[in-house]
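Since the structure comes first, as structure tokens, the remarks are kept for the end.
Only this structure's heavy atoms are used, side chains among them; waters, hydrogens and symmetry mates stay out.
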Amino acid sequence: MALCITNTMSGKKEPFVPLTPGTVNMYVCGVTVYDQCHIGHARALLTFDVIHRYLRFLGFDCRFVRNFTDVDDKIINRANEEGIAPEALAQRYINEFHRDAAALGLAEPTVEPRATEHIDGMIALIAALVERGHAYAVAGDVYFAVESFPEYGRLSSRSLDEMTAGARVEVDDRKRHPMDFALWKAGREGEPFWDSPWGRGRPGWHIECSVMSTRYLGQPFDIHGGGQDLVFPHHENEIAQSECGTGKPFARYWIHNGFVQLAKEKMSKSVGNILSIKEVLERFDPVALRLYMLTTHYRNPIEFSEEGLTEAQRTVARLYETASRAERLIGPSPDGAAESGPMDDFRGEMDDDFNTPRALAVVFEELRAVNRLLDEGHTRALDGRRNGLRAMTEALGLMQAPPERFLEERRRSGLARLDLSEDEIRRMIEERNAARRVKDWGQADGIRDALKEKGVLLRDGPSGTTWELAE
RNA sequence: GGCGGCGUACCCAAGUGGUUAAGGGAGAGGUCUGCAAAACCUCCAUGCGGCGGUUCGAAUCCGCCCGCCGCCUCCA
């Protein structure tokens, strides 16, 4: 089965055929850098990280561009409030973004362009639009004339009439049509500006993505992605600008991820229910967050759930413990050949519009199979299955560190939150094992309970007693 | 008002016309263990918001109703 993708443009699942065999060009709208990223951003980031990883897993040479929008009204307003330069504010949040991205374990994009580095390209595209009669200048502003593009509204499947009827559209006499949008904004005092044929000013919101995507990927390119909320107006406007400016089609497959909800509600500033990535990662493992996100299909809404994250945390430990057990028994061989049956199943599910919930079902079945073989000490059969499990979890970005190192790190960071040292735990385990040797079960169980009270769980195995932290 | 999505077991969540409705968690029983824990094994929805309809056959298609959510304004 070949890869199929639900294309927002058609609303249907379509076989994915890249423009150039073996290569995928993908652009994903990044963030406007004026504030901390929240878990809604995390979902979009993780969704496209998994898509990116999976495309590479399939062997595609995947060129992945994710931008920063670093000139915008919100940035200017926020910078003014803080009394600092917009550039400084943007840089601060670009730095913050990079920290979050690293914490989330995102694979690096091929290019990470900034809007302010592409002003020339934007001016050129706007000039082309004016020349072709798709845009008009009014007192230093330049607007896109939506009526000049019959296809306008196709992505979001609505017509200009539907958009205007009863919609909350601001009245602006300078616009020819209420839905016309700004390509270029005349500069005001105290704002960043660039010289242009229409005077000093700055770009409108959508033009930067039209320019940066095609600058690095050509036009048309294969995949354009982003959050569901960008379908209209952002992506609709990008299409209008790019197709009218060049006369060529823009992006071929449109992918949009669903929202993160908080208490059944969309997370938004106005509701005041924002949860930053940082806050969440202070309490939950990034891999657990990733796993949790993947348990719901990327197009569906997902509820932020403490219970769900805690459960995911447990599952991540299970995954790494099994991988670690296997390494101890048969050694590491992450590049070894994988058992083909389960891998085919996994690919079949992922090929079906990146159906991660089903792909995870395969992962869990393999996890059980590997544990069974481990229990039986069946080393010969183990190798292929273990390699397969490893390959699947790596393709999803769930396994990014050697298992033992991950578990060690997890213990260390968890321990930092308890008033207990590793030595102390070892000492108590020693004490308990001494009691066990003389069959003083009361004393042994007492020590175990005391540790459990502190959040340390003991496990007696044939090769001694190990411990782990409760979630 | 216009456009779109969702409602599946105690919880999360796939499945969108056809043998037994994935998977995870919880729960029950079992193997192992001094007892636990972990791991493994077994069980756990004749039913998929409700009511009609189409069909040999529907969670899956159609209609109506109920409930929830998103977009139409900055938003991942």
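Gly226(A) comes within 4.0 angstrom of sugar-phosphate atoms only, judged by non-hydrogen atoms across all strands, and of no base. The residue Arg459(A) sits close to a base: some heavy atom pair falls under 4.0 Å. Gly461(A) comes within contact range of no nucleotide atom at all, as no heavy-atom separation falls under 4.0 Å. Heavy atoms of Arg432(A) sit under 4.0 angstrom from at least one base atom. Note on His297(A): only backbone sugar-phosphate atoms sit closer than 4.0 angstrom, heavy atoms only; bases stay farther off. Note on Arg436(A): a base of the nucleic acid sits closer than 4.0 angstrom, heavy atoms only. Looking at heavy-atom distances under 4.0 Å, Leu230(A) makes contact with sugar-phosphate atoms alone, never a base. Contacts of Asp73(A) with the nucleic acid, taken as non-hydrogen atoms under 4.0 Å apart, are absent. In this structure, Gly227(A) reaches the sugar-phosphate backbone alone: every heavy-atom distance under 4.0 Å involves primed, P, OP1 or OP2 atoms, never a base. Using a 4.0 Å heavy-atom distance criterion, Lys439(A) is classed as making no nucleic acid contact. Using a 4.0 Å heavy-atom cutoff across all strands shown, Pro357(A) reaches at least one base atom of the nucleic acid. Within 4.0 Å (heavy atoms only), Phe259(A) reaches at least one base atom of the nucleic acid. Across all strands shown, Arg448(A) has heavy atoms under 4.0 Å from base atoms, whether or not it also approaches the sugar-phosphate. Within 4.0 Å of Glu307(A), counting heavy atoms only, lies no atom of the nucleic acid at all.
Taking only side-chain nitrogens and oxygens, Arg318(A) comes nearer than 4.0 Å to OP1 or OP2 of G25(B). OP1 and OP2 of A76(B) both lie 4.0 Å or more from every side-chain N or O belonging to Asn257(A). For the pair Asn300(A) and A14(B), the criterion of a side-chain N or O lying under 4.0 Å from OP1 or OP2 is met. Distances shown here put a side-chain N or O of Asn355(A) below 4.0 Å from the OP1 or OP2 atom of G15(B). Applying the 4.0 Å criterion to OP1 and OP2 of G4(B), one finds that Arg158(A) has every side-chain N and O outside that range.
Of the options Ile51(A), Ile223(A), Asp222(A), a side-chain contact (heavy atoms from CB on, under 4.5 Å) to Ile5(A) is made by Ile223(A) and by none of the others. Tyr143(A) pairs with exactly one of His177(A), Lys185(A), Lys175(A), Arg174(A) by the side chain to side chain donor-acceptor pair (under 3.5 Å) rule, that one being Arg174(A). The side-chain contact (heavy atoms from CB on, under 4.5 Å) test with Ile207(A) singles out one residue from Met212(A), His118(A), Met122(A), Glu238(A), and that residue is Met122(A).
U16(B) and C62(B) have their P atoms separated by 15 Å, given to the nearest Å. Spacing of P atoms, A45(B) relative to U20(B), comes out at 15 Å, to the nearest Å. Distance noted for atom P between G15(B) and C41(B): 25 Å (whole Å). A gap of 11 Å separates the P atoms of A59(B) and G47(B), to the nearest Å. Here, G29(B) and C48(B) have their C1' atoms 28 Å apart, quoted to the whole Å. Comparing the C1' positions of U33(B) and U46(B) gives an interatomic distance of 40 Å, to the nearest angstrom. Spacing of P atoms, G63(B) relative to G5(B), comes out at 12 Å, to the nearest Å. For A76(B) and G7(B), the C1' atoms lie 25 Å apart once the distance is rounded to whole Å.
Across G34(B), A14(B), A39(B), the shortest atom-to-atom separation from the side chain of Ala444(A) is found for G34(B). The listed nucleotides are G23(B), A14(B), A39(B); the one nearest the side chain of Arg325(A) is A39(B). Taking the side chain of Met179(A) as heavy atoms from C-beta on, and the options G70(B), G15(B), U73(B), the nearest nucleotide is U73(B). Of the candidate nucleotides A76(B), C69(B), C74(B), C69(B) has the atom nearest to the side chain of Gln261(A). Distance from the side chain of Thr315(A) is smallest to G24(B) among G24(B), G15(B), G34(B).
Pairing for U33(B) is absent, judged as Watson-Crick or G-U wobble with the two contacts each under 3.5 Å. If you check A26(B) for Watson-Crick or wobble pairing at under 3.5 angstrom, you find it has no partner at all. Base pairing annotation: A9(B) forms no Watson-Crick or G-U wobble pair, as no partner gives both donor-acceptor distances under 3.5 Å. Partner assigned to U54(B) is none, using Watson-Crick or G-U wobble distances below 3.5 angstrom. Nucleotide C71(B) forms a pair with G2(B), judged by Watson-Crick or G-U wobble geometry with both contacts under 3.5 Å.
Take the nearest nucleotide of RNA chain B for Thr32(A) and for Tyr298(A): the residue whose nucleotide is more 5' is Tyr298(A).
A straight line from CD of Gln228(A) to P of C74(B) spans 17 Å, rounded to a whole angstrom. Here the C1' atom of nucleotide A22(B) and the CZ atom of Phe346(A) are 15 Å apart, to the nearest Å. One interatomic measurement links the two molecules: CG of Leu294(A) to P of A13(B), which rounds to 14 Å at whole-angstrom precision. Note: NE2 (His235(A)) to P (G4(B)) measures 20 Å, nearest angstrom. Rounding to whole angstrom units, CG of residue Asp445(A) and C1' of G34(B) are separated by 9 Å. Between Glu366(A) atom CD and G24(B) atom P there is a gap of 12 Å when expressed in whole angstrom units. Whole-Å rounding puts the Leu367(A) CG to C40(B) P distance at 6 Å. Whole-Å rounding puts the Ile429(A) CD1 to A37(B) C1' distance at 13 Å.
Here Cys4(A) contributes atom SG and Asn355(A) contributes atom CG; the two are 12.0 Å apart, rounded to the nearest 0.5 Å. Distance CZ/Arg368(A) to CG/Leu389(A): 12.5 Å, rounded to 0.5 Å.
Between Phe181(A) and Tyr152(A), the two ring planes are parallel [angle under 30°; tilted spans 30° to 60°].
One can find a donor-acceptor pair under 3.5 Å joining the base of C35(B) and the side-chain atoms of Asp460(A).
Of the possible donor and acceptor atoms, none in the side chain of Ser157(A) sits under 3.5 Å from a partner among the backbone N and O of Arg154(A).
At a threshold of 4.0 Å, the pair Arg459(A)-Glu321(A) counts as salt-bridged, since one of the basic side-chain nitrogens sits closer than that to a carboxylate oxygen.
In this structure, the ring of Phe250(A) has its center less than 6.0 angstrom from the ring center of His224(A). Between His235(A) and His256(A), the ring center distance clears the sub-6.0 Å criterion.
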